[in-house]
4 protein chains.
Amino acid sequence: MFVLVNLKAYDVDPVEIATAARDVAEESGARIGVAPQAAHLPAVADTGVETWAQHVSAVEHGSHTGSTLAEAVADAGASGTLINHSEKRLKLADIDAAMDAAERAGLETCVCANNPDQVGAVAALGPDAVAVEPPELIGGDVSVASADPDIVEDAVAAANAVDDAVAVYCGAGVSTGEDVDAAGDLGAEGVLLASGVAKADDPRAVLEDLVSPL
Amino acid sequence: MFVLVNLKAYDVDPVEIATAARDVAEESGARIGVAPQAAHLPAVADTGVETWAQHVSAVEHGSHTGSTLAEAVADAGASGTLINHSEKRLKLADIDAAMDAAERAGLETCVCANNPDQVGAVAALGPDAVAVEPPELIGGDVSVASADPDIVEDAVAAANAVDDAVAVYCGAGVSTGEDVDAAGDLGAEGVLLASGVAKADDPRAVLEDLVSPL
Amino acid sequence: MFVLVNLKAYDVDPVEIATAARDVAEESGARIGVAPQAAHLPAVADTGVETWAQHVSAVEHGSHTGSTLAEAVADAGASGTLINHSEKRLKLADIDAAMDAAERAGLETCVCANNPDQVGAVAALGPDAVAVEPPELIGGDVSVASADPDIVEDAVAAANAVDDAVAVYCGAGVSTGEDVDAAGDLGAEGVLLASGVAKADDPRAVLEDLVSPL
Amino acid sequence: MFVLVNLKAYDVDPVEIATAARDVAEESGARIGVAPQAAHLPAVADTGVETWAQHVSAVEHGSHTGSTLAEAVADAGASGTLINHSEKRLKLADIDAAMDAAERAGLETCVCANNPDQVGAVAALGPDAVAVEPPELIGGDVSVASADPDIVEDAVAAANAVDDAVAVYCGAGVSTGEDVDAAGDLGAEGVLLASGVAKADDPRAVLEDLVSPL
């Protein structure tokens, strides 16, 4: 299982959370990644934690002021990137081009989708992983694996029907080791979470709990 | 084979072309549709031709000023709609929602895509048809079926691999009956075209040629 | 005072409301316009009511599938158009280009803005009118002229400081003749409203009340 | 005069150019800034050069995955930001909100516009500076101050008519000290440039030439 902590634009210290994540990953042997704002990538990567971008633009080197170039986030220490997060939805053609950009830059890709149909759609583009996150559960208290187990199983089935080399992650409401365990039982190979760690009083303790079943 | 004429925002008389399309369809027995600007839908539908919208918004009834509501284009006489045309690319989640909107309004759907990967992606969402139109060939003089036959065959294969109930159309540079014939030989069940008819000196003659092999 | 009724994407009969608006305008001598979905423009214009588009695209004739061409909405009977409604916000450069498009097509323009600063900004582009509609009051029960009279006066001041030939309209929560009266007292030369008429049990009665002070 | 070098998404070493810019600024006493990709901000700021962001999002702290938070770019060492560059055009309401975000984060703002009308519009929002960059001249060999001096003078007049505290910069095709001089003669207080420095064989020599008249 991969545990990916998305720091969004939260008012948190990215280095503090990254350091905790690095330590818990090292101690437990679990795979934990942290995805900060692009401007915070170098500081997060400097901690040694597995570092992900939250987004890359559908562009190559060139005249693209204000873009988030895949090569720039890779330079800054990212080894993977989210694409099409529900808070940064992209046009289909741009998901395709952003995946190409990530591949050129050597970034692992996880493309997000709202429901199993969309999971099938993005799986057809050949990412490393897809993530299903029902928008109505994001930021809530109940894990997707408890609130809507069918959506996870259906997402796994939809992805496998198209390309069984694509890993499926799930997200929304994940905050405990029990949630991670339940997600794994449904066929997910990773979880995305954000506020559960980023807004916790003790992010390290939450991370330790998250990876305890692994 | 379905021949769908997209009038885009061309400076043409939509009723004149619609009337020609209706007449040629009636005389030949071929299926021909015309897709005008939303504001021209009632006038085009009044001719009796099969009428399509160029786009519908990913919304339901409600506070959506400036949208193109599926129900409104159906009221105005459309029986089908393009979605995600390369000149009106949508976010993946909005393609999904626009298809839901079209279904609620009883509209047939044709979702456009740039390449076979994206054709596979949109086929996973379950439209009635998908259309592959390589952007670099749109508006050109050479038919996609001649310039890049592989892309049509690959699109048919990509769609069938996901859902063999989805018809595949192709477009870009189509302007003759020979082009339509070639597209059919590659597995396409329809063609999209625009300038080939809309900018012709004699649209009726072009339409007659287009349907001559059918 | 100009009373402009925006039908948004409401589930209403646009012709019924347009007919009521036409009758009340004729009986009272007041200026009343109706802005339907683009696909409903011809039917609304056929009633004889002053007909507005909800939006026009920042494009000219050409390859712009799915756009809302100013010339097409003018053909369909519109004599004016909203631009940059808060539910259809545009890029600044596209507001400018949409105004050019409207001018080419002979459409009167009303550019919407959220606050007095933005009213000043759009006034600098030279529209016929600007409309201030605080997003937090749209669709509510309290008229902008009662809930936030300063915003209307500040909008009038901001527009006049830039170009005193630009009329200022206001909107959000307007539903009675008293609201129209209050808006006029604050310097507004028109009101935008939507649900107050469109969702009323008796749209004609609401319209009669709206224009009663004029 | 302020000389702001936009590195866009060019395939260049941002630290090398930043170091040259820092040295030339120190030696000449001229004000030179460098605007890299967000992920490169910390490395560029570490050189000691005045560091600008290319863009900030119209958001506050919160659930905004993939945004470019003003606070994050400030953390990373930026002291100013471009907003609404012609390659990253924003909705009017988002220009307004991005300026608020920049102000909260203590960033100086320069809002870009295509023509004098749009310069007047953005000046009404109260930025520190506006920049006029005719899109058709961007990336070309002829400086805006030579190719279209009227546009610079008209931009200065348009900004002053709205708010004479707003500085006016100009850009497009600027690459020599003569261009900077000509811009200053037309009333500009700064220049934006990109390829003229970033793609030069010897960026330091170009920078030295640029500031030679100052």
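Residue numbering restarts at 1 for every chain, and letters A, B, ... go by the order of the sequence lines. Since this is a predicted model, take the numbers as computed values, not measurements.
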Taking it one step at a time, do C/Asn115 and D/Asp96 satisfy side-chain hydrogen bond (donor to acceptor under 3.5 Å, both in side chains)? CA-CA 10 Å; C/Asn115 58 38; D/Asp96 195 14; 2.9 Å; yes
Criterion side-chain contact (heavy atoms from CB on, under 4.5 Å) on C/Leu90 and D/Leu92, from CA distance to verdict: CA-CA 7 Å; C/Leu90 299 184; D/Leu92 173 63; over 6 Å; no
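- Dense packing is recorded around CD of D/Glu108, with more than 12 heavy atoms of other residues, nucleotides or ligands lying under 6.0 Å away.
- Both the backbone and the side chain of C/Ala93 come within contact range of chain D, with heavy atoms under 4.5 Å apart.
- Between C/Gly120 and D/Ala124, the shortest heavy-atom contact is C-CB, 3.7 Å.
- Separating the NZ atom in C/Lys88 from the NZ atom in D/Lys91 is a distance of 8.5 Å, to the nearest 0.5 Å.
- Only the side chain of C/Ile95 comes within contact range of chain D, judged by heavy atoms closer than 4.5 Å.
- Enclosure of atom CD in D/Glu103 is not indicated, since only 12 or fewer non-hydrogen atoms of other residues, nucleotides or ligands lie within 6.0 angstrom.
- In this structure, C/Asp141 places its CG atom where only 12 or fewer heavy-atom neighbours from other residues, nucleotides or ligands lie under 6.0 Å away.
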